[in-house]
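These notes concern the structure reproduced below.
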Amino acid sequence: MPLTSAPSELPEDEHDDLVFLEEPPAAEVPAASRPAWRVMIIDDDEDVHSTTTFALGNLDMQHRPLEFVHAYSAEEARTLLARETDLAVILLDVVMEQDDAGLHLVRYIRETLKLADVRIILRTGQPGYAPEIDAIRDFDINDYKTKSELTRIKLYTTVTAAIRSYEQIRAINASRRGLDQIVRAGTELMALHGMHNFAAGVLAQVARLLGQPADGLLCVKECPLHGVHELMVVARAGSFVHLDAVCLSVAHAPEVAAGLERALSERANIYENAHLLLYFPGKAGRDFAAYFKLARPIEDIELRLLDVFTSHVAVGLDNVELVTHLHNAAFYDQLSKLPNRTRLIEILDSVLDSPAREDATLSLVDLDHFAETNDALGHQFGDLLLLAVAERLKNRLDPELTVARIGGDIFCVLGSSSSVNPDTVLPLFDTPFSIDGQDVQLTATMGLVRLAEHDGSGADALKDADIALKRAKSMQRAGHFYFSRSMGVEIRERVRMMHALRNGFAKNELYVVYQPQIDIATRRPVGAEALLRWQTADGKFITPDRFIPIAEYSGLIIDIGEMVMRTAMRELVRLRELGYLDFTISINVSQVQFRHPFFLDILRNALEETKAPPEFVELEITESMAMEEPDLLIKMLSQVKQTGVSIAIDDFGTGFSSLSYLQRLQVDRLKIDRAFVTEITSSARGSSIAEMVCQLGRNLGLSIVAEGVEDERQAQILHAIGCPVAQGFLYARPMAAPALLEWLNQDTASAA
Ligand code: C2E
Ligand code: CA
Ligand code: CA
């Protein structure tokens with residue numbers, strides 16, 4: 001009677017004869033194609049070997065045949081065991097060379113060879129000779145049988161049970177190892193940037209999981225909604241690396257394509273003898289599938305692990321697209337696709353860490369007056385111009401160099417000093433840029449740092465380059481400037497001053513002085529400009545030109561500016577109480593103050609609390625400030641004007657304000673810069689900037705004031721060209737409040 005069910009299920013009391021299987025049981029996969037269970041027989045009795053193989057030889061367990069390995073002594077067994085792998089069961093004779101040779105061998109197998117999975121069945125010819133229970137437990141011995149007990153059925157049952165147990169142990173270990181590997185694979189994969197790297201990593205990890213060479217490809221397919229129906233290859237490995245088409249149907253791999261389509265439509269991993277089809281569910285209608293060629297058949301446990309792996313990785317495939325996107329957004333400038341500031345700092349750090357630093361220069365390339373071009377010709381045009389600059393820097397310089405864009409109109413070129421210097425970079429701006437059929441001529445300014453001399457991080461180097469750039473810009477038409485250590489010293493000095501300023505402000509070392517403004521025709525005071533002073537504890541005066549930039553830089557200007565505003569307004573109210581009713585106070589407001597989100601509140605509160613009449617308060621903003629962010633400024637100024645205060649443009653003539661722009665700004669007064677007052681006596685009549693400013697003022701209906709008037713002749717000319725009001729040492733120096741009052745009193749007395 002042929003056995004069709006698992007022989008171990010045979011009732012033991014059935015006949016104990018040898019039974020042979022004529023045919024393998026029906027299974028999806030023929031037993032022959034599955035690896036055999038390997039059983040080792042260790043016995044010094046040759047008969048035992050032959051009867052055992054005879055008894056078990058043709059049998060099939062769990063649809064897999066048995067394969068035997070023979071050893072005839074404990075000694076021989078040791079030699080064989082050293083190189084045998086995948087043994088499922090060892091049938092071991094206890095008594096061989098010595099009475100306990102088998103037990104020693106067990107210890108050797110478990111402890112020395114560390115073969116934990118293999119099941120061991122001890123056999124002995126002498127019924128009375130049983131190993132101690134301890135040995136059975138300690139060495140994980142599956143079974144202990146006397147040889148006489150091992151009839152064919154019993155032998156079969158024992159070996160089958162051992163194989164089952166072996167398989168379970170393997171499965172547990174494999175899944176533990178596999179899950180470990182999956183977790184590790186996930187972590188390793190996440191470290192790979194970019195879809196292609198990630199996908200190649202997935203193939204490599206599948207290979208590692210199966211212990212086979214990577215041989216396959218990974219494709220993505222978008223749902224019809226996204227328009228792409230084709231299978232697009234994102235990674236290749238092994239025999240597929242030569243497949244150079246991106247589109248699978250074009251690559252003429254119809255079988256592969258059909259298999260992948262099947263996995264995609266069944267939304268499952270499919271195991272087909274010589275290959276695996278893996279399915280990775282993606283988000284947003286794009287799924288991934290892989291075709292993996294197998295070097296050997298795989299086991300159930302491996303397939304189950306692959307299920308875990310594919311769903312685990314699918315999340316990663318989705319993420320990697322996101323991460324790639326985020327990575328690009330985080331490290332590359334979206335307009336020019338050049339590295340951005342963050343990426344540049346990374347690159348700088350690695351250059352500073354390498355021998356390349358000895359010969360490297362970092363340079364910032366700032367486009368001059370780009371903001372004006374941008375305003376005049378529109379942002380779209382500005383973008384095209386930036387792109388053209390990016391391209392020229394990339395294409396005309398040594399391709400080895402790093403070109404980055406780190407701010408609106410600031411580019412960076414990093415590389416060997418022979419390629420990165422003003423003589424190679426600045427001439428790139430000699431020829432105009434052609435945008436939309438228009439030629440645009442640009443100039444640029446460079447700030448440079450020699451990295452060999454730099455000790456600090458990449459971010460520090462970039463700061464130094466920025467300092468050098470600012471210096472280059474402040475020196476008109478210098479074109480470039482190299483950072484030097486002494487500038488670093490200057491910076492430290494600035495930081496020191498910042499602390500001193502904060503302290504000084506807290507200790508009331510800062511106070512306000514007033515410089516009268518005079519009606520040139522009548523010589524009567526019509527107002528005063530409030531100017532800040534700082535006298536340190538040791539009696540030294542520090543000029544506003546030195547400490548105001550630091551106050552701005554540190555943000556201290558907000559509190560200091562509010563103090564000036566309130567003090568000046570209180571002084572105005574006091575003067576009014578004393579009868580000076582036609583007197584206007586001018587207050588300087590720096591860009592940092594003006595941009596502060598609470599500026600309007602600060603102004604309104606000051607007006608309200610001091611009860612200063614807004615129509616006698618004027619705010620002075622500089623022309624350079626009026627040039628930046630015109631839209632924001634226009635909006636801001638109209639809100640400021642709603643409070644009732646008026647606006648003057650300070651240092652007028654030094655910037656580039658256009659007429660229409662001035663009109664839109666709704667300013668009330670232009671203040672002619674001292675430089676134009678100084679030159680007024682040397683220029684021919686009708687050609688001075690001061691005179692043009694006066695004309696402009698008349699045309700726009702703005703009043704004019706001239707500052708820095710030092711002598712009578714300047715006052716006369718100003719009067720002649722139509723400037724009604726002047727301020728300067730000719731009339732009075734800036735004075736503290738009591739001195740101003742005294743000065744005003746004297747003036748009133750002399751007028752009376
Ligand atoms: P500014 O607003 O252009 O102020 C005029 C500067 O010219 C003042 O210098 C004043 O003392 C000086 N000056 C006045 N008449 C003459 C003259 O006849 N000849 C010469 N050679 N100079 C004259 P100061 O007080 O040193 O202020 C320098 C700058 O500091 C100011 O330039 C202003 O930009 C800034 N500043 C002063 N006080 C404040 C303030 O309270 N807030 C803000 N934000 N800035 C201030
Ligand atoms: Ca001023
Ligand atoms: Ca001024």
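All residue numbers refer to positions in the sequence shown, counting from 1. Both counts, for ligands and for their atoms, begin at 1 and track the order of listing.
Thr443 and Asp368 are linked by a side-chain donor-acceptor pair at a separation below 3.5 angstrom, with hydrogens and angles left out of the test. In summary, the side chains of Ser586 and Glu529 do not present any donor paired with an acceptor at a separation below 3.5 Å, with no hydrogens or angles considered. The closest side-chain donor-acceptor pair between Thr445 and Asp366, if any, does not fall under 3.5 angstrom. The closest side-chain donor-acceptor pair between Thr536 and Asp538 falls under 3.5 angstrom.
Here the side chains of Leu386 and Ser336 are not in contact, with every heavy-atom distance at 4.5 Å or above. Inter-residue side-chain proximity for Leu603 and Leu619 is flagged as met; some heavy-atom pair is nearer than 4.5 Å. Between Tyr580 and Pro525 the shortest side-chain heavy-atom distance does not fall below 4.5 Å.
When Thr622, Ile548, Val677 are ranked by how near their heavy atoms come to atom 39 (C) of ligand 1, first place goes to Ile548. Counting heavy atoms only, Leu531 comes closest to atom 31 (C) of ligand 1 of the residues Leu531, Val512, Thr678, Leu510.
Below 4.0 Å from some heavy atom of Pro734 lie the following atoms of ligand 1, by number and element: 11 (O). Distances below 4.0 Å separate heavy atoms of Asp545 from the following atoms of ligand 1: 28 (C), 29 (C), 30 (O). Atoms of ligand 1 lying under 4.0 Å from any heavy atom of Asp651, numbered from 1 in the order shown and given with element: 3 (O). Set against the non-hydrogen atoms of Pro544, the atoms of ligand 1 under 4.0 Å away are 24 (P), 25 (O), 26 (O), 27 (O), 30 (O), 37 (C). For ligand 1, the atoms lying closer than 4.0 Å to a non-hydrogen atom of Glu707 are 3 (O), 5 (C). Set against the non-hydrogen atoms of Ser590, the atoms of ligand 1 under 4.0 Å away are 44 (N). Listed by number with element, the atoms of ligand 1 under 4.0 angstrom from any heavy atom of Val564 are 41 (O). Distances below 4.0 Å separate heavy atoms of Gln515 from the following atoms of ligand 1: 14 (C), 15 (N).
Within Glu620, the N, O or S atom at minimum distance from the Ca ion (ligand 2) carries the name OE1. The atom name of the N/O/S atom in Asp650 closest to the Ca ion (ligand 2) is OD2. For Glu529, the N/O/S atom at the shortest distance from the Ca ion (ligand 2) is named OE2.
Of the heavy atoms in Gln727, none comes closer than 4.0 Å to ligand 1. Residue-level proximity to ligand 1 for Ile560 is absent, since no heavy atom of it falls below 4.0 angstrom.
Residue contacts with ligand 1 include Arg533, since one or more of its heavy atoms lies under 4.0 Å from the ligand. The shell of residues lying under 4.0 angstrom from ligand 1, judged by heavy atoms, includes Arg674. For the ligand labelled ligand 1, residue Glu529 lies inside the 4.0 Å heavy-atom shell. Look at Gly561 and you'll find every heavy atom at least 4.0 Å from all atoms of ligand 1. Distances shorter than 4.0 angstrom occur between a heavy atom of Gln593 and an atom of ligand 1. Judged by the shortest distance from any of its heavy atoms, Thr543 lies outside the 4.0 Å radius around the atoms of ligand 1.
Around the OH atom of Tyr553, the shell of radius 6.0 Å holds no more than 12 heavy atoms that belong to other residues, nucleotides or ligands.
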Between Arg485 and Glu453, does the salt bridge (charged side-chain N to carboxylate O under 4.0 Å, His left out) criterion hold? Intermediate values first, please. CA-CA 9 Å; Arg485 271 179 211 279; Glu453 296 164 14; over 6 Å; no

Salt bridge (charged side-chain N to carboxylate O under 4.0 Å, His left out) assessment of Arg604 paired with Asp601: CA-CA 5 Å; Arg604 287 197 198 106; Asp601 295 326; 3.6 Å; yes

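Between Arg570 and Glu577 there is no salt bridge, since none of the side-chain N atoms of the basic residue sits less than 4.0 Å from a carboxylate O of the acidic one. Between Asp747 and Arg523, none of the side-chain N atoms (NZ, or NE/NH1/NH2) sits under 4.0 Å from a carboxylate O, so this pair counts as no salt bridge.
Looking at Asn588 next to ligand 1, an N or O pair under 3.5 Å apart turns up. By the 3.5 Å distance cut-off applied to N or O atoms, Phe729 is counted among the residues near ligand 1. Between Leu532 and ligand 1, a contact under 3.5 Å exists for at least one N or O pair.
Only one option out of Phe598, Phe594, Phe599 pairs with His596 in a ring pair (Phe, Tyr, Trp, His ring centres under 6.0 Å); it is Phe598. When the options Leu531, Leu744, Ile585 are evaluated for a side-chain contact (heavy atoms from CB on, under 4.5 Å) with Tyr514, the one that passes is Ile585.
Cation-pi check for Arg733 over Phe729 is met; the charged atom lies under 6.0 angstrom from the ring centroid and within 45 degrees of its normal.
The Ca ion (ligand 2) lies at 3.0 Å or more from every N, O or S atom belonging to Thr622.
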